[in-house]
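As structure tokens, the structure follows; a few thoughts come after it.
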Amino acid sequence: MSTALYVRESLTIDDAFEQRALALARARGLVSGDTLVIAAAEMAAQAPGYVLDLRDPADPAYLLNVVLIAGRLTARGMRVDVSGGPATAPGAAGAAARSVRVFAGQTDAFGLRASGGDGAAGVAGRAGADGSVTIEFDDNGKPHRFYEEAGDGQPGQAGGAGGNGGTAVAMWGDGPAPAVEALGGTGGLGGPGGPGGKGAPTGSGSGHRPNGRTGAAGATGATGLAGSAIAKQLGAAELWAQARSAVGSALAEAASHFRGVADYWFRRVRGTPTPEEADRILALLTLALALEPGDAEAAALRARLLAGENALGMARHLDVGADFSNYAERYETEENQLTALLSDIQQLLNAVSVKEYETGRLAAQTATFAALQTILNQERALAADAVQAYTADLAFARQRFTALRDEVDRRKQDLEQPVDWGGVVVLGLFTLASFIISLYGGQTAAKIVGSIPDLMTFGNLSFTGSDQEAQILKQAAGAGGQIDKILHPPASGAKDMAEKKEADGTLDPQKVVDAVGPVLFSFGKFIKDLDEAHGDPKLKDLVKDLALALQQKLAAEFRLGQAVRQADLAIVRAAANAADAARYQALLHQAGQDGGALRGAVLGLVTMARTYSDALARAQVRGVRALEIYTLDEHPDALVIDAGRIHPDLDRDYAEGLSSAAVYGAQLVAARPSYRFGALRAEWDTFVSTPGVTGLLTHWVQVADAPRLTSFRQSGILTFTVRPGDLAEGRIEAKVEAIVITLTGVTADTPTFDLFVEHGGISRQLREGGVEVVQVLAPSQTTVSVGVPLPDADSVTGSLASPVNLDRRTGFWGRGVAAAWTLTVSQAIIQAAGVDLAGLTKVSVGLKYTTRAKHI
């Protein structure tokens, strides 16, 4: 027996739906006795007590078995009735029932009936013959009467047998138990016996001979065999395992559709998903993975959502440069190809057959596939480069943390000194340092999930779609660079952790998790708490440096994970496009009036057009993020990645022949891709040309105290923090342009050597009206060549002139100056260049930055 699938995101069960479902079944070649699988994430009966029997009044003999798959079934007392019909001819057997199976994650009251039809009553027995009298005369002329006695009535015929019961199976997760019935049909009553014949009249004229006897009644028809009636409430895993066993490949196809619907809604998110959006997407992906646990694409989509990425795998807080010339060039080239492709789709929709379609377009579209393959291959190469770069970043972050951890061990005795917050909480600095180290390498480290670099959620979070988890998701994944938006749950820092100390003064992260559940831990708040606490400033700086190093390591791991996902996606996109090209060529070579081939050719082009749209969307997202980073204004309305997309249910309507080419073409036109490269570039040009933005100032940071210089000599790492108030007054939006570094008293065997300079990623910039904007990006490193002998900072103020390229344009141009900074001299450089830090007496860093004049 064959099976066909009717799947949509949501379905309303009513008469119109039944006719559409039957039309699909016929189009897919199902015959009576085959099975139609009906699946929906949300399925609801139109009216209370609706009876779904999947019968066609115009063709009552067309009877299919039914399977319902629903994430949630709002039944409203609906009954699915696949019972056999009662016999209509006397003595005929009732029809056997069909099969119905329902698998629903959540439901309310419903019923299933798969009972056999009742047999018809038997035919009545024929009446007996009436008696008769014959008069004959003898030779003397005397009459004699001869009687034929009345005949007995015939027995009635047996009643028709009841039809056999079918299969009625209900399995569900949450909700009341349904009424399930699969009885055998009742046998028809036997036909009544025929009446006896009437006796002949006697000669006296006043009586009759005896009537014949009434015939015996026929036997009652046999009751049909009972079918199988099963109702089981199961856990989710067992429920969908049973469904997979019963339905097979159709369930995987349904899972693929639900994943496509989740992708559609995910693409419509503009920036940060609302709790409602997150719930809807997560519910669809959860259902898709329940139906098909091996669906890697659904798992990857879910991972992107929980990691704060968009449906294309791009982080909401993506860190990019303002390369608008490149974005515009890509747009001009690729948009023209996409426009031609969309025109081809409309032409093909207007064609009667593939053969009628202009054959010359085949070569052009094949070339378009090839051009798209080039773009995708370039993106794959760039993604591989990013993985390599982030792997190096992670190694650097681990090295930095290890060096600082060793420094903590060396200074354990000093770090026993306490800090306090107004006498309310008193805690040893070594305890705080140990807490940070335990987060790095202890059991709890496995439970830390990166969301954005400053926010790490630790605890047993499964993100199953609950309101609480969706809220945490919204805040963590969607800050988009604005930590100030994080309000609930409150972000915890050093002081919050200190208040949870043990009786012996220690801090156990695992106990914190066990006691209070999910905690949103903010490294920024940790640093702020320590700044406000009373204690030795230099020792506090060491603990802050350790916390920032942990943040860097976690962020690097998170970014590497994103980069790996992007690389995997790039490989999948390139392979998928190559496969689509091959399928499309095969479809267009089919000749004749093949409507199925025509629809397949259209859908092949639509897939390619959407792949092109995604390439353009990725470029636009980069442009939007560049504007957000440099202008500090959010542009969620421009984060468009659903261009060219219509709801997958509509694609399926066309693919299954349930909507016309004209309707589908109109739907595609309404969703035609539209991009804003011109407007984005114009906004960028306006921003950079605003008076005052190009003016350069320099902020000097000097470190000369002995303990910090000793630490730098030993570890090769020096950190410092610039705050908004440290910068020039009357100026706003301070952004890094270049950097100067001098190390007084250092010698080396080479004229120059490299320092690593890291911008911590989190920066604070003042805007008009004194508003402080907190921007969150990934930590970023660059190298700065320094020369020997090194001039003192006091001798290079003003022009920052230097005989050896001390004025260096940074790799993090445009980031806020007010941030945490780290200088690192690696051991490899020290050995290769013969660097001797023993004579170091001062470190001077000059940060050149652009600003705007505050409006007066």
Charged N to carboxylate O below 4.0 Å: is that the case for E772 and R764?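 Looking at E772 and R764, the cut-off is met.
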
Any carboxylate oxygen within less than 4.0 angstrom of a Lys/Arg side-chain nitrogen, looking at K544 and D529? no

Just checking Q388: does its CD atom have more than 12 heavy atoms from other residues, nucleotides or ligands closer to it than 6.0 angstrom? no

CZ/F720: more than 12 non-hydrogen atoms of other groups inside 6.0 Å: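 Yes, the 6.0 Å shell around CZ holds more than 12 heavy atoms from other groups.
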
Please check: side-chain N/O of [X] versus main-chain N/O of [Y], any donor-acceptor pairing under 3.5 Å?
{"X": "T750", "Y": "F753", "value": "no"}
{"X": "R767", "Y": "E733", "value": "no"}
{"X": "W421", "Y": "E532", "value": "no"}
{"X": "E683", "Y": "L627", "value": "no"}
{"X": "H699", "Y": "V722", "value": "no"}
{"X": "S715", "Y": "S711", "value": "yes"}
{"X": "K540", "Y": "A533", "value": "yes"}

In Å, rounded to the nearest 0.5 Å, how long is the span from [atom1] of [X] to [atom2] of [Y]?
{"X": "D414", "Y": "E416", "atom1": "CG", "atom2": "CD", "result": "9.5 Å"}
{"X": "E758", "Y": "W821", "atom1": "CD", "atom2": "CH2", "result": "10.0 Å"}
{"X": "Y849", "Y": "R731", "atom1": "OH", "atom2": "CZ", "result": "8.0 Å"}
{"X": "T824", "Y": "I717", "atom1": "OG1", "atom2": "CD1", "result": "5.0 Å"}
{"X": "K412", "Y": "E407", "atom1": "NZ", "atom2": "CD", "result": "15.0 Å"}
{"X": "D545", "Y": "I436", "atom1": "CG", "atom2": "CD1", "result": "12.0 Å"}

Tell me the closest heavy-atom pair linking [X] and [Y], and the distance in Å.
{"X": "G535", "Y": "V419", "result": "CA-CG1, 4.1 Å"}
{"X": "A704", "Y": "K842", "result": "CB-CG, 4.2 Å"}
{"X": "P724", "Y": "L766", "result": "CB-CG, 4.0 Å"}
{"X": "T631", "Y": "H635", "result": "OG1-CE1, 4.2 Å"}
{"X": "V746", "Y": "L837", "result": "CG2-CD2, 3.9 Å"}
{"X": "F712", "Y": "L840", "result": "CD2-CD2, 3.4 Å"}

Given T719, D541, I437, the one that forms side chain to side chain contact (heavy atoms under 4.5 Å, CB included) with L546: I437

Flag side-chain contact, heavy atom, 4.5 Å: [X] against [Y]:
{"X": "I830", "Y": "D836", "value": "no"}
{"X": "L550", "Y": "F401", "value": "yes"}
{"X": "D749", "Y": "V835", "value": "no"}
{"X": "L415", "Y": "V543", "value": "yes"}
{"X": "T851", "Y": "L697", "value": "yes"}
{"X": "R625", "Y": "E628", "value": "yes"}
{"X": "K538", "Y": "L542", "value": "no"}
{"X": "K735", "Y": "L632", "value": "yes"}

Yes or no on side chain to side chain contact (heavy atoms under 4.5 Å, CB included) for F430 and V408, after CA distance, side-chain angles and deciding distance? CA-CA 8 Å; F430 185 74; V408 166; 3.9 Å; yes

Run the salt bridge (Lys or Arg N to Asp or Glu O under 4.0 Å) test against D726 and tell me which residues pass, sequence neighbours left out.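 Salt bridge (Lys or Arg N to Asp or Glu O under 4.0 Å) list for D726, sorted by chain: empty.
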
Is there a side chain to side chain contact (heavy atoms under 4.5 Å, CB included) between I739 and V757? Walk through the geometry before answering. CA-CA 9 Å; I739 191 167; V757 181; 3.7 Å; yes

Hey, mind stepping through V843 and L823 against side chain to side chain contact (heavy atoms under 4.5 Å, CB included) and telling me if it holds? CA-CA 10 Å; V843 177; L823 307 183; 3.9 Å; yes

All side chain to side chain donor-acceptor pair (under 3.5 Å) counterparts of N310, not counting sequence neighbours: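 In terms of side chain to side chain donor-acceptor pair (under 3.5 Å), with neighbours along the sequence ignored, N310 is linked to no residue.
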
Just do the side chain to side chain contact (heavy atoms under 4.5 Å, CB included) check on L727 and V817 with the steps written out, would you? CA-CA 9 Å; L727 305 176; V817 180; 4.0 Å; yes

